[in-house]
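Below, all heavy atoms of this structure are taken into account, side chains as well, without hydrogens, waters or symmetry copies.
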Amino acid sequence: MTQAVDGVAASPGPPYRAVTGVGTAFGTFGELLQGVLPGDDGDFLVTLPIACWARATFRPAPHGAALEVRPAHKTKALRLTRLVMESSRRPAGGLLTLESRLPEGKGLASSSADLVATARALGDALGEPMPPRRIESYLAGIEPTDGVLYPGIVAYHHRRVALRALLGPLPSMTVVGCDEGGAVDTVEFNRVPKPFSAADRRAYAVLLERMTVAVARTDLAEVGAVATRSALMNQVLRPKRTLDAMIAVCREVGGLGVVVGHSGTSLGVLLDRREPSYPRRLLDTASACSQLLGEVTVHRTLGFGR
């Protein structure tokens, strides 16, 4: 019997050839904006892609062999692998290996990057198309997902695992980041009811429109202002104890704004890399953040050609 997965036929294919597949996916530094919109639109976020990746490698084995994943705790990636194999024209067992520079539970989309990289590696190994819509059809049954399937800044319905809009690229920026410690389970976090009123939802709609226009105009100051406002509104849901201090640091160094992992433990200051004073601002920001929370990370956002 022939089945289809998001338009990709899953009919019997030619004899299977064992080909190692490789896939990658970038992470994000929290979100530029995250909240809940009025009506049925619901939960959404706006991504901030960073130059930090997850890499998946799938080494197939003959028919009938078991599916394995390493590290062994990456059970969601193993579940995804089984779903893909069930719909594949040439299913196989094999070993999935994941490598990532994205820390888990910090709000950097580590799990989403793992899963997207896994789907791409499987498509590479099986010789099957793995477009975003097909990947989304699998991920919708596994967990809420960041919009790391798409290049550029995107608005994304993470609970429904559906693209809202491609907003476009932005020039590469720097995030000087800190971590307040601990970890957040994204699945559990997204089960918590959002305490946002109708007025809050309308405010989020305004912020999304502001962000959409800011990205189109490459207005980094407005991008930073919206990100800071989103971080403040999120305090009722997942408070950051050092947010006010980070906003003060941002103001003192002349940063663009503060960005946070709305469902994580990370927060950081956005800097414009094109500014003549950027080197000094970077040093000043890193020094101030180190005094505030200790270890500091510096990430470059992905410009996608800009």
Side-chain angles (χ1 to χ4, degrees), residues 24-34 45-55 100-103 106-110 112-113 116-117 132 146-156 163 165-179 207-208 210-231 246-247 249-251 253-262 264 266-290 295-306:
T24 62
F26 55 79
T28 67
F29 193 96
E31 301 81 20
L32 286 171
L33 171 61
Q34 181 169 321
L45 56 80
V46 175
T47 59
L48 181 60
I50 56 174
C52 196
W53 284 268
R55 173 188 172 96
S100 179
R101 294 176 51 224
L102 296 159
K106 304 298 184 181
L108 303 190
S110 62
S112 295
V116 173
D146 287 271
V148 300
L149 303 89
Y150 301 94
I153 310 297
V154 304
Y156 201 78
L163 179 69
L166 297 168
L167 303 190
L170 283 174
S172 180
M173 298 175 283
T174 289
V175 186
V176 181
C178 293
D179 175 25
L207 289 175
L208 178 56
R210 286 176 58 187
M211 182 63 73
T212 300
V213 172
V215 173
R217 294 178 177 174
T218 321
D219 186 345
L220 298 188
E222 176 72 345
V223 167
V226 173
T228 302
R229 182 58 190 157
S230 183
M246 287 290 283
I247 292 173
V249 167
C250 181
R251 189 179 303 115
V253 302
L256 297 167
V258 172
V259 60
V260 303
H262 291 70
S266 298
L267 64 169
V269 175
L270 276 172
L271 299 176
D272 187 346
R273 299 168 64 90
R274 305 170 302 176
E275 288 282 342
S277 59
Y278 167 72
R280 176 184 57 78
R281 292 185 183 188
L282 176 59
L283 289 174
D284 290 347
T285 307
S287 176
C289 289
S290 178
E295 184 176 351
V296 170
T297 59
V298 178
H299 295 281
R300 176 176 60 84
T301 69
L302 293 172
F304 298 100
R306 275 212 169 168

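Of all the heavy atoms in L108 and G30, the pair that sits closest is CD2-N, 3.9 Å. When every heavy atom of L167 is checked against every heavy atom of A155, the shortest pair comes out as CG-N, 4.1 Å. When every heavy atom of T47 is checked against every heavy atom of G147, the shortest pair comes out as CG2-N, 3.8 Å. The two residues G268 and V175 have their closest heavy-atom pair at CA-CG1, 4.1 Å. For A109 against T28, the heavy-atom pair with the smallest separation is CB-OG1, 3.5 Å. Of all heavy-atom pairs between A286 and V296, the closest is O-CG2, 3.7 Å.
Considering OG of S230 and NE2 of H262, their distance stands at 2.5 Å, rounded to 0.5 Å. One finds the CG atom of L220 at 9.0 Å from the CD atom of E275 (value rounded to the nearest 0.5 Å). Going from atom CG of D219 over to atom CZ of R210 covers 9.5 Å, rounded to the nearest 0.5 Å. Here SG of C289 is found 12.5 Å from CG of D179. Values are rounded to the nearest 0.5 Å. With values rounded to the nearest 0.5 angstrom, L33 atom CG is found 11.5 Å from L48 atom CG.
For the pair V116 and F26, the minimum side-chain heavy-atom distance is 4.5 Å or more. A 4.5 Å side-chain heavy-atom check between M211 and V223 finds at least one atom pair inside the cut-off. Contact of the T228 side chain with the C250 side chain is not registered, since no non-hydrogen atoms from C-beta on lie closer than 4.5 Å. Within the 4.5 Å cutoff, the side chain of E295 has no heavy atoms near those of the S290 side chain. With a 4.5 Å cut-off on side-chain heavy atoms, D284 and L282 do not count as touching. Inter-residue side-chain proximity for P49 and I153 is flagged as met; some heavy-atom pair is nearer than 4.5 Å. In this structure, the side chains of E222 and R217 stay at 4.5 Å or more apart for every pair of heavy atoms. For the pair M246 and V269, the minimum side-chain heavy-atom distance is below 4.5 Å.
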For this session: Would you sort out whether L270 and L32 count as a side-chain contact (heavy atoms from CB on, under 4.5 Å), showing the intermediate values?
Result: CA-CA 10 Å; L270 276 172; L32 286 171; 4.1 Å; yes
Exercise. When you look at L149 and Y156, which way does the side-chain contact (heavy atoms from CB on, under 4.5 Å) test go after all the steps?
Worked result: CA-CA 10 Å; L149 303 89; Y156 201 78; 3.8 Å; yes
Problem set entry | Chi angles and distances behind the side-chain contact (heavy atoms from CB on, under 4.5 Å) call for M173, L256 | CA-CA 10 Å; M173 298 175 283; L256 297 167; 3.7 Å; yes
For this session: Take S172 and L302, measure what side-chain contact (heavy atoms from CB on, under 4.5 Å) needs, and give me the verdict at the end.
Result: CA-CA 6 Å; S172 180; L302 293 172; over 6 Å; no
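Looking only at distances, a side-chain donor or acceptor of S266 sits under 3.5 Å from a matching main-chain atom of K106. D272 contributes a side-chain N or O that, together with a main-chain N or O of R274, makes up a donor-acceptor pair within less than 3.5 Å.
Under 3.5 Å, the side chains of T174 and Y278 contain a donor-acceptor pair of N or O atoms.
Surrounding CZ of R281 are more than 12 heavy atoms belonging to other residues, nucleotides or ligands, all under 6.0 Å away.
The one candidate from L170, V46, V226 that meets the side chain to side chain contact (heavy atoms under 4.5 Å, CB included) condition with V215 is L170.
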